[in-house]
Student: 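Okay, here's the structure, questions in a sec.
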Amino acid sequence: MEALRQLIDLFLHLDQHLKPILETYGSWTYLLLFTIIFCETGLVVTPFLPGDSLLFAAGAFAASGSLSLTVLILSLIVAAILGDTVNYWVGDKMGPRLLTVQIKGYRLIKPEHLAYTHAFYEKYGGKTIIIARF
């Protein structure tokens with residue numbers, strides 16, 4: 001149980017554990033950062049990952065010379081774009097199927113909620129996306 005608690009702490013506070021990770025894994029840290037940013041943007045079930053604080057911490061380590069700023073920026077941009085693309089693809093493929101899912105007689109997604117959301121995004125979509133992103 002303690003090992004699970006430590007693993008959860010590592011992922012939730014990765015920004016605080018970044019220095020020992022850099023010292024231990026060196027260049028493999030880029031892959032870890034890539035994976036975390038990809039999962040945070042691309043998988044609906046992992047929004048709890050430390051995206052923003054991790055970006056600030058990684059930027060600080062890049063400023064100190066521990067990470068290459070160029071490699072960091074390129075890899076994290078690719079991770080975010082791929083993550084968003086995967087998230088869109090999953091929603092596009094799975095979304096219509098979720099409309100028919102029922103659990104104990106209740107629909108997982110109610111058609112009237114979907115219609116309301118669609119109307120909202122038709123009216124305020126552009127503003128909403130920009131404001132939500134920043």
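Quick caveat: nothing in here was measured; it's all calculated off a predicted structure.
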Student: For Y88, what residues pass the ring pair (Phe, Tyr, Trp, His ring centres under 6.0 Å) criterion, not counting sequence neighbours?
Tutor: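 Per chain and number, Y88 pairs via ring pair (Phe, Tyr, Trp, His ring centres under 6.0 Å) with no residue.
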Student: Is there a path of hydrophobic side-chain contacts, each under 4.5 Å between heavy atoms of I/L/V/M/F/W/Y residues, joining L55 to Y30?
Tutor: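 Same cluster.
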Student: As an exercise, state the distance from CZ of F34 to CD1 of I37, rounded to the nearest 0.5 Å.
Tutor: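 Here the interatomic distance stands at 10.5 Å.
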Student: Kindly write out the residues that satisfy side chain to side chain contact (heavy atoms under 4.5 Å, CB included) with W89, not counting sequence neighbours, or none if the list is empty.
Tutor: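 W89 satisfies side chain to side chain contact (heavy atoms under 4.5 Å, CB included) with K93 once adjacent residues are dropped.
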Student: Can you name the residues that form a ring pair (Phe, Tyr, Trp, His ring centres under 6.0 Å) with Y116, not counting sequence neighbours?
Tutor: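 Y116: no ring pair (Phe, Tyr, Trp, His ring centres under 6.0 Å) contacts found.
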Student: Would you please name every residue forming a side chain to side chain contact (heavy atoms under 4.5 Å, CB included) with T117, sequence neighbours left out?
Tutor: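 Once residues adjacent in sequence are excluded, the partners of T117 under the side chain to side chain contact (heavy atoms under 4.5 Å, CB included) criterion are Y121.
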Student: Is L82 reachable from V90 through a run of I, L, V, M, F, W or Y residues, each pair having side-chain heavy atoms under 4.5 Å apart?
Tutor: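 Hydrophobic grouping puts V90 with L82.
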Student: Which atom names give the shortest non-hydrogen contact between T128 and F120, and what distance separates them?
Tutor: OG1-CE2, 3.6 Å
Student: Between side-chain atoms of residues 59-78 and protein atoms elsewhere (two or more places apart, or another chain), which donor-acceptor pairs fall under 3.5 Å?
Tutor:
from	atom 1	to	atom 2	distance (Å)
S64	OG	F61	O	2.9
S64	OG	S66	OG	3.3
S68	OG	V71	N	3.3
S75	OG	V71	O	2.9
S75	OG	L72	O	3.1

